[in-house]
Undergrad: 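I have a structure I would like to understand better, so I am pasting it below and will then ask my questions one at a time.
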Protein chains: 2
Amino acid sequence: MATKRKAYHHGDLAAELLRVGGELLAAEGPEALSLRELARRIGVSHQAPYRHFFDKDALLASLAAEGFMDLGRVVAKAAARHPNDSVGQLVAAGVAYVEQGLKQPERYRLMFGRQSSSPTPNSQQLEEESHAAFGHLVAIIERGQANGVFKSGDPQELAAAAWCQVHGLTSLLIDERLDEVPAGGKARRQFLAQMCGHLPDGLRRRAT
Amino acid sequence: MATKRKAYHHGDLAAELLRVGGELLAAEGPEALSLRELARRIGVSHQAPYRHFFDKDALLASLAAEGFMDLGRVVAKAAARHPNDSVGQLVAAGVAYVEQGLKQPERYRLMFGRQSSSPTPNSQQLEEESHAAFGHLVAIIERGQANGVFKSGDPQELAAAAWCQVHGLTSLLIDERLDEVPAGGKARRQFLAQMCGHLPDGLRRRAT
DNA sequence: CGAGCCAAGTGGACACTGTCAACATACTGA
DNA sequence: TCAGTATGTTGACAGTGTCCACTTGGCTCG
């Protein structure tokens, strides 16, 4: 996708760079990912990647865009499992979001790390994927407002608030900033559901 | 603080490193901050910093710890302006948190970036400052629970939920991931208050 | 079918980085 | 006064991203 045609000398190096780059990213983190090491692993010269990506930043932007695609897919699928239940959709989407982030922590870090200053085609692709993923969230809010479940207001802003909640949770969990988090699969999911539920439920005590 | 005594050759290089390091951090970001450039600006050799910090990571950890100190101070001061109003405290603390983060975006990025793998005295100091800042938040929640304003539950967990909200908001604003954010001082503060209010107010429509 | 063009890949160089090692200096306390 | 030690310096090394000139190979078109 990053470039065109089929296969010349190597056979779609661009795809290979993204594949092995993803592995290296997961293993070492964005900071430690080196273009030369990447080229070495694939078995090409240290300059070959520059035929397919303008920059190191451009490659990283493409890897980040992949992450946003996955994130959007996972969130949409989770929300689809709760038809006619806007709160359930929002919580399920939140839990799925966090779990996806925790499944690929280094990629998530990359996705929300520094943006490359000069815009390349790859960074533009990143922006598009990011906005698309956010769109799923807005859609959930809008449906909930139409059903009278969520309070009125700019759906973009309410969606932004929800995003802040799950993004904050994801980042803090990845950076191990939150103590006393259950490790196991089921207990953790319950914990995540509770954390994601605080926003729609409200922190304030309601009149009983 | 990082080392001891008064002044030898240079005159408290450790403090100077943190000072100029802070400037360089604000100007260039954590990734671009280079030890050699730092030493060059101060006018010492490229090895001098190693007499005061074990590592580059150790210096960065100290800079991050400073950030957590500032953050804790600002949050506590903001909360103190709203006695006998737990919701007001929480919102004010949140707004102050975000504004402080936006005032020093690069430092905030550093504070929540990758942790250095091997623990140094400086990274331990970072952890302590971070926990202290979080403590202010827990205290607000606990007072609110005692007053019957907040629902019952583990105050640590409720505080964590609030932290997720404001941390997510801060990160997304710093990375310019949220559109349509008012720029001006007063309008922005109002926007922040609204965003920070969604958690205590709840997203769900209440029975009127 | 063959010539030529251009995408794809190579190897060398440069400036820069963090850090190790050996050395020089200046302050301190006995 | 003098040794010890905290502080600072110089040189080196491996590693990085990227510029540059070069080669290679497959496709296109006359």
Undergrad: Output the rounded distance in Å from CZ (A:Phe53) to P (C:dA8).
TA: 12 Å

Undergrad: Locate the shortest heavy-atom distance separating B:Ile140 from B:Phe150; write the atom from each residue and the value.
TA: O-CE1, 4.2 Å

Undergrad: Quick one: the side chain of A:Arg36 and the base of D:dG15, do they pair up donor-acceptor inside 3.5 Å?
TA: no

Undergrad: Let me know, please, whether A:Glu37 or A:Gln47 comes out on the 5' side of the other along DNA chain D by nearest nucleotide.
TA: A:Glu37

Undergrad: Taking 4.0 Å as the cut-off, does a side-chain nitrogen or oxygen of B:Ser45 come that near to OP1 or OP2 on D:dT10?
TA: no

Undergrad: Could you state the CD-P distance from B:Glu28 to C:dC16, rounded to the nearest angstrom?
TA: 14 Å

Undergrad: Does B:Arg40 put a side-chain nitrogen or oxygen below 4.0 Å from OP1 or OP2 of C:dT17?
TA: yes

Undergrad: Separation of A:Phe54 atom CZ from D:dC19 atom C1', in whole Å?
TA: 11 Å

Undergrad: Would you call the rings of B:His167 and A:His167 parallel, tilted or perpendicular, taking 30° and 60° as the class edges?
TA: parallel

Undergrad: Any idea which of D:dG11, D:dT18, D:dT7 is nearest the B:Arg51 side chain?
TA: D:dT7

Undergrad: Which nucleotide wins on minimum distance to the side chain of B:Ser34, given the candidates D:dT10, D:dG8, C:dT17?
TA: C:dT17

Undergrad: Between A:Glu31 (CD) and D:dG17 (P), how many Å, whole number?
TA: 12 Å

Undergrad: From the options D:dT18, D:dG8, D:dA12, select the nucleotide whose nearest atom is closest to the side chain of B:Ala48.
TA: D:dG8

Undergrad: Determine: side-chain N/O of B:Tyr50 to OP1/OP2 of C:dT19, distance under 4.0 Å, yes or no.
TA: yes

Undergrad: In whole angstroms, how far is the C1' atom of D:dT18 from the NZ atom of A:Lys56?
TA: 12 Å

Undergrad: Between B:Arg41 and B:Glu16, is there a salt bridge with N-O shorter than 4.0 Å?
TA: no

Undergrad: Under 4.0 Å: is that the gap between some side-chain N or O of B:His52 and OP1 or OP2 of D:dG8?
TA: yes

Undergrad: Starting at CD1 of A:Ile42 and ending at P of C:dA8, how long is that distance when rounded to a whole Å?
TA: 15 Å

Undergrad: If every non-hydrogen atom of B:Gly113 is compared with every non-hydrogen atom of A:Arg177, which pair is closest and at what distance?
TA: O-NH1, 4.3 Å

Undergrad: For the residue pair A:Tyr108 and A:Tyr97, does the interplanar ring angle fall in the parallel (under 30°), tilted (30 to 60°) or perpendicular (over 60°) class?
TA: perpendicular

Undergrad: How long is the line joining CG of A:Leu35 and P of D:dC19, in whole Å?
TA: 12 Å

Undergrad: What's the NE2-P distance between A:His46 and C:dA13, to the nearest Å?
TA: 11 Å

